[in-house]
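Below you'll find the structure, written out as structure tokens, and then a few comments.
The shown structure was predicted, so the numbers you read here are calculated from the model rather than taken from an experiment.
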Amino acid sequence: LVPQNPPPPHAAMMRAVVTLALVASASAFMVPRAPVGARSVLRSTEAPVETPPAPAAETTEAAAPVAEAPAPAPAPAPVAPAIAMSEAVPFLTAAKNLDGYVGSAGFDPLYLSETFDIKWMREAELKHGRVAMLAVVGFIVPDIGIRLPDHAFSSLEAVKATGAQPLLQIILFGGFLEFILNSGKMTQATMFEDSSRVPGALGFNPAGIKPTPEDELKEIKNGRLAMLAISGILTQAALGHPNFPYAKPRAWRGDVFSGAGPAVGGALVCELHAVLAPLLASRLKR
């Protein structure tokens, strides 16, 4: 091999100079770049650019109206409870505890059925009615002439002739019978401790009669009428009319009925009693 001659020293130097000149001329055409720290500071200080909202699309048709919610229905007005009025006394409210009893006419203006035991009061009504029916018969029969031998007293005179002591004995004997029949339970708190006990059923039925509701109604109505009747009879007899019909008959016209005045008056009283008694009894029933 023929050894090549090394380049001369000045040729190598020229190459280096040319290379540096080319690099310097290329760097003149490049955009200068900021350091990394400087770029982050610039980005943080720049205000963000807001994008304007897009314009709303215009509609050619008008928007449909929104349906309003229906108004709530008004609350119904409170209805007052119906008030039952009494059949016997229409301007008073009906008394309680009378329903279900035979002969109930709704007549209780003092509302005693709400104060006392209704069974105890029905027992008292039945007993007083029975005694009054016996009293009416026992008072009238002697006064129309049906008397025992050697018994010349009228009913009112017989009561006066008896005296207070025998009458008290009769009352005490009646109380003793009441005590025995009720086994000592005579108050309204104790008389009907046995819920099966029926008012007025004293166990005295020797004939074995089974009363129907119609029979019970007849007893109630006749007992009520008898209590009114004996009250009127005793009052009239005590006021000076001791003989049947316990009133001073009056003729409608004294010049025509001067002689027959007492007979006509007595007949009128009997007729009025016969007419008014059923009317009163039917009214008490209703």
Side-chain angles (χ1 to χ4, degrees), residues 86-89 95 97-110 112-113 116-147 154-156 158-159 170-171 173-175 177-178 181-182 188 191-192 197-238 241-247 266-286:
S86 172
E87 295 182 6
V89 190
N97 305 326
L98 294 180
D99 296 337
Y101 284 89
V102 176
S104 174
F107 183 79
D108 188 11
L110 299 180
L112 298 178
S113 62
F116 302 99
D117 184 5
I118 187 64
K119 289 185 176 181
W120 188 74
M121 298 186 69
R122 171 49 63 95
E123 177 97 0
E125 182 183 28
L126 287 170
K127 290 179 178 178
H128 282 81
R130 292 164 182 171
V131 172
M133 287 187 282
L134 294 174
V136 170
V137 175
F139 213 93
I140 292 178
V141 168
D143 290 344
I144 60 176
I146 303 175
R147 301 176 181 177
S154 66
S155 296
L156 182 62
V159 173
I170 295 173
I171 295 174
F173 180 72
L177 290 179
E178 183 82 5
L181 293 174
N182 291 284
Q188 63 173 331
M191 184 175 288
F192 292 94
R197 186 182 184 282
V198 180
L202 305 179
F204 181 77
N205 189 9
I209 300 174
K210 295 182 178 180
T212 63
E214 184 179 357
D215 297 331
E216 295 176 356
L217 179 60
K218 289 179 180 179
E219 182 185 27
I220 285 288
K221 292 169 64 175
N222 284 279
R224 291 169 178 171
L225 183 59
M227 285 187 282
L228 294 175
I230 193 62
S231 299
I233 290 173
L234 291 174
T235 302
Q236 286 294 100
H241 308 288
N243 299 319
F244 183 82
Y246 313 106
L268 289 176
V269 171
C270 293
E271 290 295 328
L272 287 175
H273 180 270
V275 172
L276 294 178
L279 293 176
L280 180 59
S282 62
R283 180 59 181 171
L284 289 177
K285 177 183 177 181
R286 294 197 299 267

Nearest 0.5 Å, what's the [atom1]-[atom2] distance between [X] and [Y]?
X: T235; Y: I230; atom1: OG1; atom2: CD1; answer: 9.5 Å
X: T212; Y: E216; atom1: OG1; atom2: CD; answer: 7.5 Å
X: E125; Y: E219; atom1: CD; atom2: CD; answer: 9.5 Å
X: E178; Y: N182; atom1: CD; atom2: CG; answer: 5.0 Å
X: Q236; Y: N243; atom1: CD; atom2: CG; answer: 12.5 Å
X: D143; Y: L156; atom1: CG; atom2: CG; answer: 8.5 Å

Looking at [X] and [Y], what are the two nearest heavy atoms and their distance?
X: S155; Y: F139; result: OG-O, 2.7 Å
X: Q188; Y: D117; result: OE1-N, 2.9 Å
X: S113; Y: N97; result: O-ND2, 2.9 Å
X: F192; Y: V198; result: CE2-C, 4.4 Å
X: P199; Y: L126; result: O-CD1, 3.4 Å
X: L98; Y: G106; result: CD1-CA, 3.9 Å

Subject >> Min side-chain heavy-atom separation R224-I220 under 4.5 Å >> reply: yes

**OP:** Salt-bridge test for E123 and K119: reply yes if a basic N is under 4.0 Å from a carboxylate O, no otherwise.
**Re:** no

Subject >> Crowding at NE2, H241 (>12 non-hydrogen neighbours, <6.0 Å) >> reply: yes

Original post:
Hey, mind stepping through M121 and D108 against side chain to side chain contact (heavy atoms under 4.5 Å, CB included) and telling me if it holds?
Top reply: CA-CA 12 Å; M121 298 186 69; D108 188 11; over 6 Å; no

**OP:** Could you check whether the rings of F116 and W120 sit parallel, tilted or perpendicular, using 30° and 60° as the cut-offs?
**Re:** tilted

